[in-house]
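Right, one structure below, let's go through it.
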Amino acid sequence: MTKPGEAKLSYLFQKARWGRFELKNRVKYGACCVSNYNTRDGHITPRELARTKVIAETGCGMITNQGAYPDPRGEGKAYFRQVAIFDDKFLPQFETIARTIHDNGGVAIQQILHAGRYGGIDLGYCVQPSIVPQTLPHFRSPREITRDQIRQTIREHAEAAARAVRAGFDGTEVTSFMGYLLANFNSRFTNQRTDEYGGSIENRGRFMRELIDAIKQATPDNPLILRLNGAELMDRWGGNSEDECFELMRQAAGCGVDMISVTVGWQEAPDSSIGRDIPPGHWNRLAARAKKLLPEVPIAFGVRLPDPVMANECIGNGEFDFWEVCRPLLADPQMLRKAAEDRLDEVRRCVGSLNCLSRLFRDLPYTCTMNPALGHEIEPEYAITPAAVRKRIMVIGAGPAGMEFAVTAAQRGHDVTVFEKSERIGGMLTGYAANDLANRADLQSVISYYEAMARKLNIGLRLGTTVDPRLMREMLHDFDVAVVATGTVLHRAALPPTEDGRKILDGLDVALGREAVNGTVAVLGGGKVGLTIAESLASRGHPVTIIEGQKRLAGDVMPSFKWRHSAWVEELKIASVTGARMSKVTAEGVHVVDGKGEKRIIGADTVIAASPRISNHGLVNEFEWMVDELHVCGDAVLPRGLGPSIHDAYRLGCRI
Amino acid sequence: MSGLPEPAAWQVMLDRYGAFFGNLRSGSRIGVARRSDLGRGEASIVVWEARRGRLHAERRPFRGYADTSLDVMLVGDDGAVAEVERHLADTGLPALKEQVRQGGFVCFLLRTQCDLVEAGYEDVLQSMGVIFMGACR
């Protein structure tokens, strides 16, 4: 029987024939880079297998297992704990993964990932078509791959594909995303060879064509997918133009590739491709161009396309054939099931924070801001299980920590009421979202999700209610548990003294529109909150100066997003004084001693303090003898921001 | 003759923004080149070398990317080089940074991350817009 969401998203949930396979819908689970959950020598771990079970259960018609490197030398290895597929010794775990995917009705695809320019992570070098130095210091120095090595590498890809099929996978995929070996050969940026593998686009595509041919010969009955750039975003550095990218797609199609997944950007590209600052749907035109160019070749696409409704429309419009999903299913593995049941308001949206990728580039396993259980699927402590004792729980504070805890506890069967002194939920995130230049809808979706879940789970919301000892005494014995999730407050005692009747505004009040801002502005604190306020005000025409005590701005910003704030600071002409010590705020402005020891006065009509903020946990001591169980979570423990607050609250919710 | 500005023009910018490069260890070298020059047989580049707290600009032959004497190399397209040249006498550094951010100049790193940090490059490169501690945008 068709579910209500399936009827609404009829193109997405339509069955599809792909060669000899019938897919239950038009959703392809993307390989999601790699997890870094595995062993340093490439073996798949129980942690990975538990994660794979969740992936297999997402309901996607096609599941692509994460990229495995195909060579025993490790030249193709991009990540410290990437899986390997260069030997039969790795087969048993691949067999388990293929079987798990099949058991859940999915078509199983194994991705082969030779990272080329971004590879050799355990070695002192990487291989690429020509010696082109790195632009990201994380990666290894280049060596030119010889013709013999090219032939060997192609052979290793073919052997890896055959091995994947022996393990039970239905087909394989080779990825050039985002700047891996295949892309390195295709691109003028990294391929400056003068032999038959370089020069003209025909020659640059030779490696790809030989690769397709070798894999096809090794696995003649199994489809091959290629992930190819629709845009490298490297053209200003001498890379391929979009026209050249599509010419390479045409070459791949001519060699009989069974599906093309259209991708965008290289890791080092000077422009954004997948960050929150790119509007959803921005790159859809590249998929549509591929489909128009190659109408007979199935096209998969999903770059910065997180919304199933938009994906459904695109498929209906004939822009592509399969929606390739990665990060949205990291954030909520149940997304597709919720979509099928017309419960999209209950989906935890990917907020594009790039937490996942930031961690990979620190050689850590990836995690997700929005999904605290990601990577912990094997641990029962992270599972939501029915509570042994149903408790009456009061939560004080309706920010992300309070709401995350409330939702988790309610899902376990507890009776939860949230008290919030303001008239809405969201806490500090509301102000942050309202001023975020990247994409306000992403952060607002977090609040919308909690609102929807509160309704669904009958969580009591007492907005406009300040909880203090007096109210607590009135409610004595009404609750078994109190959870203090009151976030942070501005640490006013640490601010410089004011003279001449000057006032320092709380950044949160400004962000929430509770305080008006006039003229020139000085923002005290250049972390993510100060930057967001400064950027928002500057974009509205206020001349802004940020005053920061640390040596650099953006100290608490996600590593992969620091560059974005730096660019905005430059573009919006926001002045900054770093390494600064503030002595006072007078009618003239903010008196500082800058990093070089020079005294300066930063003139400002409005002075806003974004930091320092300290945990607001005063209620904990006051309630110690008033309730059976008393807990504190989120920023009220230690100010760490959205991700840690959500994770902290989830863990507390799981165990209470 | 390349279209790259002469060392004397770069020197004006380096002296004006001396503090920006102040943390670079003596012996650190940054190469600047125009991409269209590098394909030629006898290409030359301008090298900024740190000596006793000051960067000195001088012209040198380009010996390929494997040249181990350089730490960093800035390679610009013709338009970007011309744009920076227009500002060298006054706002050369902001113009260069803007070109790096916009992709007109590519910043190649010829040393490992640890070596660059050791040589005092971290602030310089981050300010240039190089993603020093992460990737994938």
Side-chain angles (χ1 to χ4, degrees), chain A residues 33 118 124 130-144 178-179 189 192 233-239 265-275 277-278 354 356-362 551-554 557-564 566-567 570-571 573 578 595-596, chain B residues 19 22-23 31 33-36 38-39 64-68 70-80 93-119 121-137:
Chain A
C33 202
Y118 304 146
S130 310
I131 293 182
V132 176
Q134 302 288 1
T135 65
L136 296 172
H138 180 79
F139 298 117
R140 306 301 183 243
S141 61
R143 284 186 188 172
E144 184 172 306
M178 305 181 60
F189 178 65
Q192 295 163 12
L233 308 181
M234 300 285 284
D235 41 333
R236 281 214 73 183
W237 290 359
W266 283 26
Q267 289 182 3
E268 62 199 288
D271 299 313
S272 291
S273 54
I274 60 171
D277 52 328
I278 296 296
L354 297 180
C356 41
L357 291 161
S358 293
R359 286 177 59 91
L360 288 184
F361 288 106
R362 298 294 179 98
K551 195 175 160 194
R552 298 188 193 101
L553 300 179
V557 172
M558 201 71 76
S560 284
F561 217 62
K562 280 181 195 285
W563 74 274
R564 198 73 199 75
S566 304
E570 296 262 341
E571 288 164 17
K573 304 198 184 315
T578 54
K596 294 170 200 147
Chain B
N23 288 336
R34 204 168 69 143
R35 184 178 301 116
S36 54
L38 297 184
Y65 289 121
D67 181 353
T68 53
L70 297 176
D71 307 319
V72 170
M73 192 154 165
L74 295 161
V75 180
D77 60 41
D78 289 3
L93 186 62
L96 178 60
K97 283 159 73 171
E98 189 177 342
Q99 287 302 321
V100 171
R101 287 185 194 287
Q102 290 180 1
F105 268 83
V106 54
C107 182
F108 288 122
L109 309 174
L110 307 172
R111 296 268 185 267
T112 66
Q113 188 162 1
C114 294
D115 288 345
L116 291 168
V117 169
E118 191 78 6
Y121 275 102
E122 192 169 359
D123 285 345
V124 171
L125 293 175
Q126 284 207 348
S127 177
M128 287 277 191
V130 172
I131 303 185
F132 208 76
M133 294 304 289
C136 235
R137 311 193 223 202

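All values reported here derive from a predicted model rather than from experimental measurement. Chain identifiers are assigned alphabetically (A, B, ...) following the order of the sequence lines, protein sequences preceding nucleic acid strands; residue numbering begins at 1 within each chain.
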A/Glu144, CD atom: more than 12 neighbouring heavy atoms under 6.0 Å: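 Atom CD in A/Glu144 is packed in, count exceeds 12.
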
Search all heavy atoms of [X] against all heavy atoms of [Y] and return the closest pair with its distance.
{"X": "A/Pro133", "Y": "B/Leu109", "answer": "CB-O, 4.2 Å"}
{"X": "B/Phe108", "Y": "A/Val132", "answer": "CE2-CG1, 3.7 Å"}
{"X": "B/Gln102", "Y": "A/Arg236", "answer": "O-NH1, 3.3 Å"}

Check each atom of A/Ser566 against the heavy atoms of chain B and say whether the ones under 4.5 Å are side chain, backbone, both or neither. both

Can you name the residues that form a salt bridge (charged side-chain N to carboxylate O under 4.0 Å, His left out) with B/Arg111, not counting sequence neighbours? B/Asp71

Among all residues two or more places apart in sequence or in another chain, which pass the salt bridge (charged side-chain N to carboxylate O under 4.0 Å, His left out) test with B/Asp78? B/Arg34

For A/Glu571 and B/Arg101, run salt bridge (Lys or Arg N to Asp or Glu O under 4.0 Å): C-alpha distance rounded to whole Å, both residues' side-chain angles, the deciding distance at 0.1 Å, then the answer. CA-CA 10 Å; A/Glu571 288 164 17; B/Arg101 287 185 194 287; over 6 Å; no

